[in-house]
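Predicted, not measured: the structure shown is a model, and the values here were computed from it.
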Amino acid sequence: MDLTASIQQRLKGIFPDFLGIELSAVETERVTASLTVREAICTTGKIMHGGAIMAFADTLGAVGTFANLPAGARTTTIESKTNFLGAAPLGARVLGESTPVHRGRTTMVWQTRISLESGKLIALVTQTQMVLPAA
């Protein structure tokens with residue numbers, strides 16, 4: 001099983017699965033994924049909730065970090081900043097692309113672009129992941 005399929009399988013039954021995240025590619029230099037905006041992750045205005053956007057981006061940055069971890073190590077998010085630039089309406093297909101800004105021994109920083117299929121950028125997220133050594 002390739003890395004993308006393996007990680008997608010690990011996400012089954014947990015929060016990223018609830019969000020509907022579908023990983024497209026998991027590589028050490030780039031993670032891509034998509035999801036469809038459905039009512040359960042919307043505000044009352046039928047647009048994707050900001051928390052769902054942040055959770056989508058957080059998942060991609062964490063997956064990217066995971067793909068770069070030494071054997072047995074784990075990761076957790078220690079900081080995240082989101083710039084909301086647009087809205088994703090109910091039914092829209094949202095794309096995410098996460099790339100590393102820094103991949104160090106104790107932390108990794110990832111930037112994630114969230115956009116509509118049309119290419120319109122709806123959010124830019126920068127997050128820091130702590131690398132937890134193997135126990």
Side-chain angles (χ1 to χ4, degrees):
M1 183 180 304
D2 73 1
L3 185 58
T4 304
S6 173
I7 293 176
Q8 185 75 56
Q9 185 61 37
R10 290 184 71 171
L11 299 179
K12 292 285 185 206
I14 60 176
F15 190 63
D17 190 36
F18 167 77
L19 287 175
I21 296 173
E22 298 173 18
L23 295 173
S24 307
V26 176
E27 302 161 356
T28 57
E29 293 287 333
R30 183 171 169 258
V31 176
T32 58
S34 63
L35 65 78
T36 299
V37 179
R38 61 189 205 291
E39 201 158 349
I41 61 171
C42 280
T43 66
T44 56
K46 299 203 185 288
I47 60 169
M48 189 173 177
H49 190 284
I53 291 170
M54 293 171 71
F56 181 35
D58 182 66
T59 299
L60 300 190
V63 166
T65 299
F66 180 81
N68 284 276
L69 289 176
R74 299 173 296 124
T75 186
T76 189
T77 306
I78 59 173
E79 187 273 339
S80 183
K81 182 201 185 299
T82 303
N83 288 102
F84 296 104
L85 306 168
L90 179 65
R93 191 82 173 150
V94 177
L95 309 176
E97 178 182 41
S98 192
T99 55
V101 175
H102 166 76
R103 288 180 293 164
R105 185 177 51 80
T106 59
T107 61
M108 295 191 199
V109 178
W110 289 76
Q111 185 174 69
T112 304
R113 296 175 61 88
I114 308 293
S115 60
L116 298 176
E117 277 185 310
S118 67
K120 180 180 188 246
L121 188 62
I122 61 168
L124 185 63
V125 181
T126 304
Q127 74 190 77
T128 304
Q129 294 286 133
M130 183 179 345
V131 175
L132 304 167

| task | Take Thr32 and Leu60 through the test side chain to side chain contact (heavy atoms under 4.5 Å, CB included) and record every step on the way to the result. | result | CA-CA 7 Å; Thr32 58; Leu60 300 190; over 6 Å; no
| About how many Å separate OG1 of Thr43 and CG of Leu90, when rounded to the nearest 0.5 Å? | 10.0 Å
| query | Is it true that Leu95 and Ile53 fall in one hydrophobic cluster, defined by side-chain heavy atoms closer than 4.5 Å? | reply | no
| message | If we ignore hydrogens and angles and just use 3.5 Å, is the side chain of Thr82 paired with the main-chain N or O of Phe84 as donor and acceptor? | response | no
| said: Test of understanding: clusters of I, L, V, M, F, W, Y form through side-chain heavy atoms closer than 4.5 Å, transitively. Do Met108 and Ile78 belong to the same one? | reply: no
| Separation of Phe15 CZ from Thr59 OG1 (nearest 0.5 Å) | 7.5 Å
| field | Residue pair Arg105 / Val131, side-chain heavy-atom distance below 4.5 Å | value | no
| query | Is the number of heavy atoms from other residues, nucleotides or ligands within 6.0 Å of CZ (Arg38) greater than 12? | reply | yes
| said: For Val125 and Met54: C-alpha separation, side-chain torsions, deciding distance, then whether side chain to side chain contact (heavy atoms under 4.5 Å, CB included) applies. | reply: CA-CA 7 Å; Val125 181; Met54 293 171 71; 5.5 Å; no
| field | Name of the residue among Thr107, Thr65, Thr76, Thr75 meeting side-chain hydrogen bond (donor to acceptor under 3.5 Å, both in side chains) with Gln129 | value | Thr75
| message | Could you see if Ile14 belongs to whatever hydrophobic cluster contains Leu19? Use Ile, Leu, Val, Met, Phe, Trp, Tyr and a side-chain cutoff under 4.5 Å. | response | yes
| Hey, what do you get for OG1 (Thr112) to CD (Gln127), rounding to the nearest 0.5 Å? | 5.5 Å
| Can you tell me how far CD1 of Ile114 sits from CG of Asn83, rounded to the nearest 0.5 angstrom? | 12.5 Å
| query | Should Phe56 and Phe18 be counted in the same cluster of Ile, Leu, Val, Met, Phe, Trp and Tyr side chains packed under 4.5 Å apart? | reply | yes
| Arg113 atom CZ, over 12 foreign heavy atoms within 6.0 Å | no
| Step by step, would you call Trp110 with Asn68 a side chain to side chain contact (heavy atoms under 4.5 Å, CB included)? | CA-CA 12 Å; Trp110 289 76; Asn68 284 276; 3.5 Å; yes
| request: Looking only at non-hydrogen atoms, find the nearest pair between Ile41 and Thr36 and report the distance. | output: CD1-O, 4.2 Å
| note | Closest heavy-atom pair, Ala134 versus Ala71, reported as atoms and distance to 0.1 Å, is CB-O, 3.9 Å
| said: Can a donor-acceptor pair be found, under 3.5 Å and without considering hydrogens, that links the side chain of Glu117 to the backbone of Arg93? | reply: no
| query | Is it true that atom NZ of Lys46 has more than 12 heavy atoms of other residues, nucleotides or ligands lying nearer than 6.0 Å? | reply | no
| query | Linking I/L/V/M/F/W/Y whenever any side-chain heavy atoms sit under 4.5 Å apart, do Ile47 and Leu85 land together? | reply | no
| query | If you round to the nearest 0.5 Å, how far is CG of Leu35 from CE of Met48? | reply | 4.5 Å
| task | Would you sort out whether Ile122 and Leu116 count as a side chain to side chain contact (heavy atoms under 4.5 Å, CB included), showing the intermediate values? | result | CA-CA 7 Å; Ile122 61 168; Leu116 298 176; 3.9 Å; yes
| said: Rounded at 0.5 Å granularity, tell me how far CD in Gln8 sits from CG in Asp17. | reply: 7.5 Å
| field | Sub-4.5 Å side-chain heavy-atom contact between Val109 and Thr126 | value | yes
| Counting distance only, does the side-chain N/O of Gln111 pair as donor-acceptor with the main-chain N or O of Glu97 below 3.5 Å? | no
| query | Less than 4.5 Å apart, any side-chain heavy atom of Val31 and any of Thr4? | reply | no
